[in-house]
**Q** 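Got a structure for you, questions after.
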Amino acid sequence: MNKPVYTTALEAEAAFYDALARSDLDAMMQVWSEDDEVVCIHPDGARIVGLRAVHESWRQLFAGGTRLAVSVSQRIVAGNSLLATHNVIEHVALPGDERIAPPMIATNVYASGPRGWKMIMHHASPALETQHAVTHDGPRIVH
């Protein structure tokens, strides 16, 4: 199986959220760097370090095969030609569930290398009620 090459950090991020929405472990791990220095922190979870541990954490989360409705807003981007940091508001819900789940605040870090852009860190935390009341139009780029 050929691994995809993400030519931008935004492409890698789109693949990450697509894999999350589909609970697709193989697609999820194709987004991650193969470096063993990757870090993942799930909402209200411990810091997970290393590719094997990150793989296992996603395997456990996806074990039920639940598909999700996932959207991202208020993206703030900082970076250069080698490293990109995206801070986003995640909106995650079960398809068909009319309840509005509290949003998550996530920081995703990507590194550019010979195999394109790959995720090296994902950190998601629940947003405080007052934090998600403020909205911004479109992405914000920080240089």
Side-chain angles (χ1 to χ4, degrees), residues 1-136 139-142:
M1 173 183 198
N2 287 339
K3 291 188 176 190
V5 175
Y6 306 112
T7 59
T8 67
L10 196 56
E11 273 185 22
E13 188 157 85
F16 172 81
Y17 285 108
D18 178 64
L20 177 61
R22 295 182 297 113
S23 293
D24 185 331
L25 181 60
D26 290 334
M28 173 61 72
M29 294 315 298
Q30 288 177 7
V31 174
W32 283 86
S33 170
E34 293 177 7
D35 249 349
D36 203 40
E37 300 303 316
V38 296
V39 176
C40 185
I41 304 171
H42 297 292
D44 294 327
R47 182 173 74 159
I48 302 162
V49 179
L51 191 58
R52 292 178 75 192
V54 168
H55 178 274
E56 179 59 17
S57 75
W58 287 110
R59 187 196 66 72
Q60 289 176 13
L61 283 170
F62 293 164
T66 303
R67 291 188 175 248
L68 302 169
V70 180
S71 65
V72 173
S73 65
Q74 301 180 36
R75 181 178 284 114
I76 299 173
V77 177
N80 55 40
S81 62
L82 297 176
L83 194 66
T85 302
H86 295 183
N87 184 266
V88 300
I89 305 297
E90 297 176 342
H91 307 274
V92 180
L94 295 172
D97 189 345
E98 298 300 320
R99 294 175 293 179
I100 298 174
M104 297 286 158
I105 299 172
T107 301
N108 301 316
V109 181
Y110 305 91
S112 178
R115 295 186 183 114
W117 287 87
K118 296 289 186 173
M119 179 174 272
I120 59 173
M121 188 188 84
H122 171 73
H123 180 182
S125 301
L128 298 175
E129 290 296 320
T130 57
Q131 288 178 319
H132 64 84
V134 177
T135 60
H136 300 282
R140 183 172 154 212
I141 309 297
V142 178

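Values reported hereafter were calculated over all heavy atoms of this structure, with side chains retained and with hydrogens, waters and symmetry mates removed.
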**Q** Looking at Ser33 and Ile120, what are the two nearest heavy atoms and their distance?
**A** CB-CG2, 3.8 Å
**Q** Hey, does Met104 have a side-chain heavy atom less than 4.5 Å from the side chain of Pro126?
**A** yes
**Q** Salt bridge (charged side-chain N to carboxylate O under 4.0 Å, His left out) with Arg115: which residues, sequence neighbours excluded?
**A** Glu34
**Q** Report the distance from atom NZ of Lys118 to atom CE of Met29, rounding to the nearest 0.5 Å.
**A** 10.0 Å
**Q** Would a 4.5 Å heavy-atom cut-off, applied to side chains only, mark His86 and Val72 as touching?
**A** no
**Q** To the nearest 0.5 Å, what is the distance between OH (Tyr110) and CG (Leu83)?
**A** 11.5 Å
**Q** Without swapping roles, check the side chain of Asn108 against the backbone of His122 for a donor-acceptor pair under 3.5 Å.
**A** no
**Q** Closest approach of Ala12 and Val31, non-hydrogen atoms and distance?
**A** O-CG1, 3.6 Å
**Q** Aromatic ring centroids of Phe16 and Trp58 under 6.0 Å?
**A** yes
**Q** Does a side-chain heavy-atom distance below 4.5 Å link His55 with Leu25?
**A** yes
**Q** Give the minimum heavy-atom separation between Pro103 and Ile89, together with the two atoms involved.
**A** CB-CG2, 3.5 Å
**Q** Listing request: all salt bridge (Lys or Arg N to Asp or Glu O under 4.0 Å) pairs with a residue in residues 38-56, at least two apart in sequence or in separate chains.
**A** Glu56-Arg59
**Q** How far does CE of Met28 sit from OH of Tyr17, to the nearest 0.5 angstrom?
**A** 9.0 Å
**Q** With Arg22, which residues qualify under salt bridge (charged side-chain N to carboxylate O under 4.0 Å, His left out), at least two apart?
**A** Asp18, Asp24
**Q** Can you check whether His123 reaches Val39 side chain to side chain, under 4.5 Å on heavy atoms?
**A** no
